[in-house]
Amino acid sequence: MPDASMPRRYLALWFPWFPCERVRKASGQDWSVPVVLVERAGNALRLAAVDAQASGLGLSVGMTLADARARCPDLKSLPHDGEADARELERLTGRMLRFTPMAAPDPPDGIMLDITACAHLFGGEAALAQAAITEAGYTARHAFAVHAAAARALAQYGDGDGEASPSSSLRGRRPKQSRAVGADSGLPRGSASRHDEAKPSLSQPSSSPRRRESSSRRLAEPLAQEMTPRFRGNDEVGSEEERIRALPIAALELPEEAQSGLRRAGLVTVGDLATRPMAALAARFGGETVARLRAVLGEQDSPMAPRRPSAPLRAEARFAEPVARTDYVLEVIEDLLADLSRQMEARHLGGRRFTVRLERTDGARRRLSVETSLPSRDPARLARLFGERIEALADPLDPGFGFDAIALAASRTEPLHPAQPEIGGKVAEAESIAVLIDRLTTRFGEHGVLRSVPCDTHIPEAAQQVLPALHAAPAPWPDAGDGLPRPVFLFDPPQPVTAMAGVPDGPPQRLRWRGQVHEIVRAEGPERIASEWWHRPQGHVPGAAGLTRDYYRIEDAQGGRYWVFRHGLYEETGEPRWYMHGLFA
């Protein structure tokens, strides 16, 4: 433990291109074009995040997607998922616990670490910072300070404490060097200060502000503020207090109205505000301005809430004498499930996957796992699943000379809160179906119980997909074709037929299918299903995206009722083809 007299030391990590880099990693594709993430604001799609390439082209958060495409036609735009960003940031924070037990996420794109008495374990502060950035795997800026708010402000709005990236190797603190901001600096256009010296600390030298606002001036704003020189040569650097005072007022992250008022008053840096009486600042610009100023200057505590790793959900039983009876083993498992249920109830969690480890006296171990389609913490229900699992084993459970320990763990959990029973009993019905799915899946395997789920498409043969019922959540089925009847039997793929129509765009009057000629006496239609223009056309194959379908419900002279379609219009293809797609009852 650090000495009480030891000053605290904080490391702030800021990932300026975090949302776009996360999407790149998740896609697994190496896009060479600029990437932006968009979200709807009012009646327009606006940029919610940009990557380094897009920022270099002058694109910024808040700009409309239409304006961005006008500047960069090859732009790659994807929807912004703030929840996925938050989950990834939580995951990265968990990985930072190998450097310090005091790590906390700084949403939406930063992490704060209390590294007091930890840096020497990794070869110094610079080496620790580089190791943390390498562990994260994202482009980052970092800064050190004795106060958390100061470190955060220096990392995001100042000159940082060194240049580091996930792939670089930093064996010691880099010497501070002046760097002219020119055309090849990698900074967003218009984001350089009026001075000619600024030092980025990104793997791809660029800067952007951290907070996303609804206004269109976020990404290039911090470096566009008034900034004073912070270098006295290549190796001599100003003190931490001087660097903090040289920060722009944007580092206080005040509302735009407050920042505009400060600039009109001639206050452009934190140092300018620090020289003014606090009472006068509070009277004119509000108490929030003074509170944030004092936090950055270290005059007011800004405590961080470290991420505490939760204790694993597990229970264990050890026996003085080995046990060999399967029924007694199941009783012990149910007792352990009751203990585990109390732990999950205290955390408002339900288990989706449970694993039992059986330890024999000769050192051999056997693992048994069960999964549930819905979160559960019912000991009796889960014990029945383990009984089903033991009965369905191809290799019977061999106790040998007996088991001397049994351990149970919930390896996958989800939030589970008490549910209010409905009058119609729908909750109980869904629960009973889930219990049946769990029992059948446990006995026959994951792919032994399947469920059809709807897909967001109008192409009939692609309107559903079959997935394991254990992982496919039930979803409401939309009315296909505005309530028009659909055949009870569908061919996949559709079968080609030879048809003759009275007029080019009319229903068939005669068709040949499977070697038989059918005279059509009644026809209803057409029901037109347009092509999915956002997919690439694939020729004249059924299901191709580039052709329109005209469906007809027909009846032949023998009373057979069929569902056929003409694939393609005459203006789309010179010779449309006919296909049999389904049979009515």
Side-chain angles (χ1 to χ4, degrees), residues 445-469 471-585:
E446 178 180 334
H447 296 280
V449 184
L450 305 177
R451 167 184 278 160
S452 296
V453 295
C455 298
D456 188 14
T457 178
H458 290 286
I459 304 300
E461 67 271 18
Q464 66 179 8
Q465 59 178 338
V466 179
L467 299 174
H471 306 296
W477 287 85
D479 292 333
D482 296 329
L484 296 175
R486 286 289 185 262
V488 295
F489 185 83
L490 202 67
F491 293 106
D492 186 17
Q495 299 185 3
V497 298
T498 302
M500 182 182 67
V503 294
D505 292 332
Q509 296 182 345
R510 178 185 301 168
L511 62 83
R512 178 185 293 273
W513 177 47
R514 293 180 176 177
Q516 296 184 3
V517 177
H518 299 262
E519 296 290 341
I520 308 304
V521 296
R522 294 183 180 87
E524 184 180 4
E527 176 191 343
R528 178 162 294 180
I529 297 180
S531 63
E532 295 181 340
W533 52 267
W534 53 93
H535 291 161
R536 181 177 297 176
Q538 300 175 356
H540 301 283
V541 181
L547 299 179
T548 303
R549 297 183 182 188
D550 279 347
Y551 278 88
Y552 293 90
R553 292 175 295 279
I554 61 175
E555 182 179 340
D556 62 8
Q558 289 74 33
R561 301 179 68 237
Y562 311 98
W563 203 38
V564 299
F565 70 91
R566 181 177 51 245
H567 194 228
L569 305 178
Y570 279 93
E571 55 265 24
E572 294 177 345
T573 175
E575 297 180 358
R577 302 186 63 181
W578 288 86
Y579 291 89
M580 176 72 67
H581 205 167
L583 304 177
F584 289 95

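Predicted model, so just to flag it, every value in this text is computed and none were measured.
The minimum heavy-atom distance between I459 and T457, with the atom names listed, is N-OG1, 3.2 Å. Summarising the geometry of P460 relative to W563, their closest heavy-atom pair is CG-CH2, 3.8 Å, with the distance given to 0.1 Å. Closest approach of L583 to W513, counting heavy atoms only: CD2-CH2, 4.0 Å. The minimum heavy-atom distance between G506 and A501, with the atom names listed, is O-CB, 3.7 Å.
The one candidate from H518, R561, Q516, R522 that meets the side-chain hydrogen bond (donor to acceptor under 3.5 Å, both in side chains) condition with D556 is H518. Here the rule is ring pair (Phe, Tyr, Trp, His ring centres under 6.0 Å) with H581, and of F491, Y551, Y552, F489 only Y551 fits it.
Side-chain contact between D505 and L569: absent, with no pair of heavy atoms (C-beta onward) separated by less than 4.5 Å. Counting heavy atoms from C-beta outward, V517 and M500 have side chains that stay 4.5 Å or more apart.
A distance of 6.0 Å separates CG in D492 from CD in E461, rounded to the nearest 0.5 Å. For the atom pair CG of L547 and NE2 of H567, the computed distance is 4.5 Å after rounding to the nearest 0.5 Å. Remark: R566 CZ to T548 OG1 distance equals 10.5 Å, nearest 0.5 Å. In this structure, CZ in R510 is found 4.0 Å from CD in E519, a value given to the nearest 0.5 Å. Between R512 atom CZ and M580 atom CE the span is 13.0 Å, to the nearest 0.5 Å. Between F565 atom CZ and E527 atom CD the span is 12.0 Å, to the nearest 0.5 Å.
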* Steps toward side-chain contact (heavy atoms from CB on, under 4.5 Å) verdict (R451, L467) -> CA-CA 6 Å; R451 167 184 278 160; L467 299 174; over 6 Å; no
